[in-house]
Structure formats: C-alpha cells, structure tokens
Amino acid sequence: MNLARFKRRRYTPHATPIEPMPHLSAALGGAQLMIKRDDLLGLTGGGNKTRKLEFLVADALAQGADTLITVGAVQSNHCRLTLSAAVREGLKCQLVLEQRVPGSYDPAASGNNFLFDLLGVEKIEVVDLGADMAGAMAAMQADLAAQGRRGYIIPGGGSNPLGSLGYVACAEELLAQAFDEGIGIDRIVVASGSAGTHAGLIAGLIGNSAGIPVTGINVRRPRPEQEGNVHKLAIEVAALAGVAAPIPRDAIVCRDEWVGPGYSLPTPEMIEAVRMFAATEGVLLDPVYTGKAAAGLIGLVRSGEIARDERVLFLHTGGSPVIYASQSILGVARAA
Ligand SMILES: *Cc1c(COP(=O)(O)O)cnc(C)c1O
C-alpha cells in the first residue's frame, strides 16, 4: 500500500493524540480504555470528515472545481467540514440538507446549522427524507454549469472509496503511534454511519496485517444492512488503496443495539455516555454519533463482552458542535 500515490490536501499538521481514559475505566470497573482524538482534526471544529476531505478536495481542485456540493442531515458535521474546506481553499459551497426527522430543520438552530451561516454557505436546499438526494445535487451542479461554473459533488459523509482513503491513512497513523509510543491495542470501537470511516479502517488494518478487530456501533441502520454496506465499501477502498489481502465478511461487525428509536433520536444510554465522558475525562461527545458509539462501548464493558483487561481504543469521530444545539436533550436540572 502506498498512499503517497494519491493527491492530498493537508488539513491537520500532526497525528491526533491517543490518550488513556483512566477515570472512565475506573468508573466502569474495567477494560483499559483509550481514545484517539479525531475530534481534534483540523478544519472548523474537527471530526472524521476532515480526513476524507483531504483526498476528496484534492480531487476537486485537480478537476478545476470552483464549488463543492454535498449532502447531509440538518445538523451535518460533514456539511460543516466540507464548507470549511471550501473556505480554506477559496471555493464556494452549496448544501442539500435532508430532514431525516420530519420538521427537524430549523433555520435559527445553533450548532452546525449556525456554523453553515457563519462560514458563508452559498446555498442551502432542504429536502425531506426519501427525496432524490443525488438528483438534487446533480441539479445544483447543472445550475452552476449554466452559469459557467464547475461544481464537484461529494457524496453523503464523503463515503466513497476516495474519501474512505482518509481512514486507511488513519489506520496507518494509529499503527505507527502504537509502535512509537508502545501502546497495545486489542480492539477498536467506532461509530458506523455512512460507512467510510469503518470501511477505511478495516482496509487499512487488514492491508497492514494488524490483527486488530474493529467493533462498529451503528447510528442508523440495522446490523445486516450496515455490515453489507461496510463490507462492500471496504472491498472497494482496499482495491483503490492497493491492498492485496481479501476483506473477509466476518471482519465486519456492526452492532445495532444502541441505535434506539432512530437516527439522531436520543436514548438514555446515549445521554449517560455523553455525561460520563464529560464528567470523567473532560471529553465532549455528540448525541447523534459518538454518544451512541460510546454507549455501545460502555454497554460492552458492562456486559463483560469486552474483557476487564482488554486494551480498547475508542475512535472519537467528532461532532461536538452539535452538543451546543442539544442542551434540552442532555441537560439535567441540578438539585439546589
Ligand atoms: C459522519 C460521522 C460519523 C460516521 O462516520 P461515517 O464515515 O459516516 O460512518 C461518526 N461520527 C461523527 C461525529 C460524524 O460526523
């Protein structure tokens, strides 16, 4: 594997830290928990989409694009970071926002929605769940073409094979860190959404014969569907990256016990996890992705499925700006 073959913009000038979480481990009575701080990646507010955009935006620039077009939920971290990359590169950005929960788009909302405005989004189109998202983006691209401009379409979550290379690179980064810093890793736990993060990690770990299993925690889809999506994409990104080893189906594990009633909808386990990470380690999660992934981590430790002496790396994929639009969900009135 030689990722230097690919054009890449650089948005984070260093590896993200791997930190121990001793207080959380103590509070749970076991497992040696660590966290890789991809919430500290570059671009506005950090998070996993920054790694994908390094490859996607390099491609957009190579194709002469002047505008990035992408799609996401109404509080999408991916849309915030795509817009931020556009600002960094002197490009424009147009967004299609999908109301996955009916009536959830609030133009006055805080969090990422406020940042869309602050970062100078050129156009937002809001559509309902089930609308033709690809068609909406193609129409934006056609409108731009009619004005003599060139739009580059980035799929939801940046999760095509090219974007997923960002997490092949992350696998290589964390293996090098583990070697340099003498860190043993028995398992990685990560949120699994549009699948590029999970798939890229799998391809990178298998491509390096790392022997580290990954437990994905779903945020939206049932287990069989999500495992199929991740497996398909992992095979594609492995082929693009030049991984010779096959990607076995049983390397893909996507647990769906912590999704709750649906995408972005709160669960008691998510609220507990967000509050626990903050109060024990000072780490902010988000209610949609990392809060549910952390609820899965906590659940697996408590049930004993993660052994007491297991060394587990939780990959923090970001999302903390959403916390500022979620106080009514997460807040608990304090006793006077
Ligand atoms: C997009 C996102 C994820 C999920 O990553 P995918 O590559 O879409 O599976 C996880 N956490 C946060 C904070 C995200 O924004």
*Asks:* Roughly how far, to the nearest 0.5 Å, is CG of Asn218 from NZ of Lys292?
*Replies:* 10.5 Å
*Asks:* State whether the side chain of Gln75 and the backbone N or O of Asn112 hold a donor-acceptor pair below 3.5 Å, judged by distance alone.
*Replies:* yes
*Asks:* Just wondering, do Leu330 and Met270 contact through their side chains at under 4.5 Å, heavy atoms?
*Replies:* yes
*Asks:* Starting from Leu41, can I reach Ile188 by hopping between I/L/V/M/F/W/Y residues whose side chains sit under 4.5 Å apart?
*Replies:* yes
*Asks:* In a table with atom names and distances, give each donor-acceptor pair under 3.5 Å that connects a side chain of residues 102-110 to protein atoms at least two apart or in another chain.
*Replies:*
{"residue": "Ser104", "atom": "OG", "partner": "Val101", "partner atom": "O", "Å": "2.6"}
{"residue": "Asp106", "atom": "OD1", "partner": "Ala108", "partner atom": "N", "Å": "2.8"}

*Asks:* Residues in side-chain hydrogen bond (donor to acceptor under 3.5 Å, both in side chains) with Thr215, at least two apart?
*Replies:* Arg187
*Asks:* Taking only residues at least two apart or on different chains, which pairs with a member in residues 55-83 satisfy salt bridge (Lys or Arg N to Asp or Glu O under 4.0 Å)?
*Replies:* Asp66-Arg149
*Asks:* Residues in ring-ring contact (aromatic ring centres under 6.0 Å, His included) with Tyr263, at least two apart?
*Replies:* Tyr289
*Asks:* Spell out, yes or no, whether Leu68 and Phe116 are grouped together once hydrophobic residues are joined by side-chain heavy atoms under 4.5 Å, including indirect joins.
*Replies:* no
*Asks:* Could you report the tightest heavy-atom contact between Leu81 and Thr44, atom names first, then the distance?
*Replies:* CD2-O, 3.3 Å
*Asks:* Quick one: NE2 on His23 to CG on Leu28, what's the gap to the nearest 0.5 Å?
*Replies:* 13.0 Å
*Asks:* Going through the checks in order, is the side-chain contact (heavy atoms from CB on, under 4.5 Å) test met by Leu129 and Glu98?
*Replies:* CA-CA 6 Å; Leu129 179 67; Glu98 183 188 31; 3.3 Å; yes
*Asks:* With rounding to the nearest 0.5 Å, note down the distance linking CD1 in Ile217 to CZ in Arg255.
*Replies:* 7.0 Å
*Asks:* Judged by atom type as modelled, is there a donor-acceptor pair below 3.5 Å linking the side chain of Glu54 to the main-chain atoms of Tyr11?
*Replies:* yes
*Asks:* What distance do Ser84 atom OG and Leu118 atom CG have between them, rounded to the nearest 0.5 Å?
*Replies:* 11.0 Å
*Asks:* Of the options Ser164, Ser159, Cys254, which is the one that meets His198 in a side-chain contact (heavy atoms from CB on, under 4.5 Å)?
*Replies:* Cys254
*Asks:* Under a 4.5 Å cut-off applied to non-hydrogen side-chain atoms, are Ile185 and Leu174 in contact?
*Replies:* yes
*Asks:* So, does Lys52 use its side chain to make a donor-acceptor pair with the main chain of Gly157 at under 3.5 Å?
*Replies:* yes
*Asks:* Looking only at heavy atoms, which two atoms of Ile306 and Leu297 are closest? And how far apart?
*Replies:* CD1-CD1, 4.0 Å
*Asks:* Counting C-beta onward and ignoring hydrogens, is there a side-chain heavy-atom pair between Pro161 and Leu233 closer than 4.5 Å?
*Replies:* yes
*Asks:* Check the hydrophobic clustering (I, L, V, M, F, W, Y; side-chain heavy atoms under 4.5 Å; chains of links allowed) and say if Val219 and Val190 are grouped together.
*Replies:* no
*Asks:* Got Val301 and Val312 here, is their nearest side-chain heavy-atom distance under 4.5 Å?
*Replies:* no
*Asks:* With rounding to the nearest 0.5 angstrom, report the CD1 to OG1 distance, Ile69 to Thr82.
*Replies:* 11.5 Å
*Asks:* Backbone N or O of Gly29 within a donor-acceptor pair of the Arg308 side chain at under 3.5 Å?
*Replies:* yes
*Asks:* Quick check: do Glu281 and Pro22 have side-chain heavy atoms less than 4.5 Å from each other?
*Replies:* yes
*Asks:* Please lay out, stage by stage, how Leu165 and Val237 fare under the test side-chain contact (heavy atoms from CB on, under 4.5 Å).
*Replies:* CA-CA 7 Å; Leu165 286 180; Val237 67; 4.0 Å; yes
*Asks:* Under the side chain to side chain contact (heavy atoms under 4.5 Å, CB included) test, which residues partner Glu269, sequence neighbours left out?
*Replies:* Trp258, Thr267, Ala295
*Asks:* Heavy-atom count check: over 12 atoms from other residues, nucleotides or ligands less than 6.0 Å from Phe6 CZ?
*Replies:* yes
*Asks:* Please determine, by modelled atom types, if Ser320 and Asp39 share a side-chain donor-acceptor pair under 3.5 angstrom.
*Replies:* no
*Asks:* Take Phe314 and Ile298 through the side-chain contact (heavy atoms from CB on, under 4.5 Å) test and state the conclusion after the steps.
*Replies:* CA-CA 11 Å; Phe314 179 74; Ile298 291 168; over 6 Å; no
*Asks:* Do the non-hydrogen side-chain atoms of His231 and Ile202 ever get within less than 4.5 Å of each other?
*Replies:* no
*Asks:* Does Ile154 belong to the same Ile/Leu/Val/Met/Phe/Trp/Tyr cluster as Val127, with side-chain heavy atoms less than 4.5 Å apart forming each link?
*Replies:* no
*Asks:* Can you tell me how far CG of Leu285 sits from CZ of Arg275, rounded to the nearest 0.5 angstrom?
*Replies:* 12.5 Å
*Asks:* Determine yes or no for a side-chain-to-main-chain donor-acceptor pair under 3.5 angstrom, with Asp286 supplying the side chain and Val288 the backbone.
*Replies:* yes
*Asks:* Is a side-chain N or O of Gln177 found less than 3.5 angstrom from the main chain of Thr16, in a donor-acceptor match?
*Replies:* yes
*Asks:* Donor-acceptor pairs under 3.5 Å, side chain of residues 130-143 to any protein atom, not counting sequence neighbours: which ones?
*Replies:*
{"residue": "Asp132", "atom": "OD1", "partner": "Ala134", "partner atom": "N", "Å": "3.4"}
{"residue": "Asp132", "atom": "OD1", "partner": "Gly135", "partner atom": "N", "Å": "2.8"}
{"residue": "Gln141", "atom": "NE2", "partner": "Gly151", "partner atom": "O", "Å": "2.8"}

*Asks:* Between Lys92 and Val121, is there a side-chain heavy-atom distance shorter than 4.5 Å?
*Replies:* no
*Asks:* Under a single-linkage definition using a 4.5 Å side-chain heavy-atom cutoff for Ile, Leu, Val, Met, Phe, Trp and Tyr, are Leu315 and Leu175 assigned to the same hydrophobic cluster?
*Replies:* yes
*Asks:* Do you know the tightest heavy-atom contact between Val322 and Pro287?
*Replies:* CG1-CD, 3.9 Å
*Asks:* Could you tell me whether the side chain of Gln99 and the main chain of Val74 form a donor-acceptor pair under 3.5 Å?
*Replies:* no
*Asks:* Arg249 and Glu227: side-chain contact (heavy atoms from CB on, under 4.5 Å), yes or no, with the steps?
*Replies:* CA-CA 8 Å; Arg249 174 63 182 75; Glu227 289 184 346; 2.9 Å; yes
*Asks:* Do you know which two heavy atoms are closest between Thr50 and Thr12, and how far apart they sit?
*Replies:* CG2-OG1, 3.9 Å
*Asks:* Looking only at heavy atoms, what is the nearest atom pair of Glu122 and Gln94, with distance?
*Replies:* OE1-NE2, 2.9 Å
*Asks:* Would you say that Arg88 contacts Arg9 through its side chain, given a criterion of any heavy-atom pair below 4.5 Å between the two side chains?
*Replies:* no
*Asks:* Identify the heavy atoms of Thr70 and Cys79 that sit nearest to each other, and give their distance.
*Replies:* CG2-SG, 4.1 Å
*Asks:* Examine distances only and state if a side-chain atom of Thr290 and a backbone atom of His316 form a donor-acceptor pair shorter than 3.5 Å.
*Replies:* no
*Asks:* Using the rule given for salt bridge (Lys or Arg N to Asp or Glu O under 4.0 Å), can you reason through Arg223 versus Glu257, listing the C-alpha separation, both sets of side-chain angles and the distance that settles it, and then say yes or no?
*Replies:* CA-CA 9 Å; Arg223 179 169 184 159; Glu257 297 98 311; 5.4 Å; no
*Asks:* Hey, does the side chain of Asp186 reach the backbone of Arg311 with a donor-acceptor pair shorter than 3.5 angstrom?
*Replies:* yes
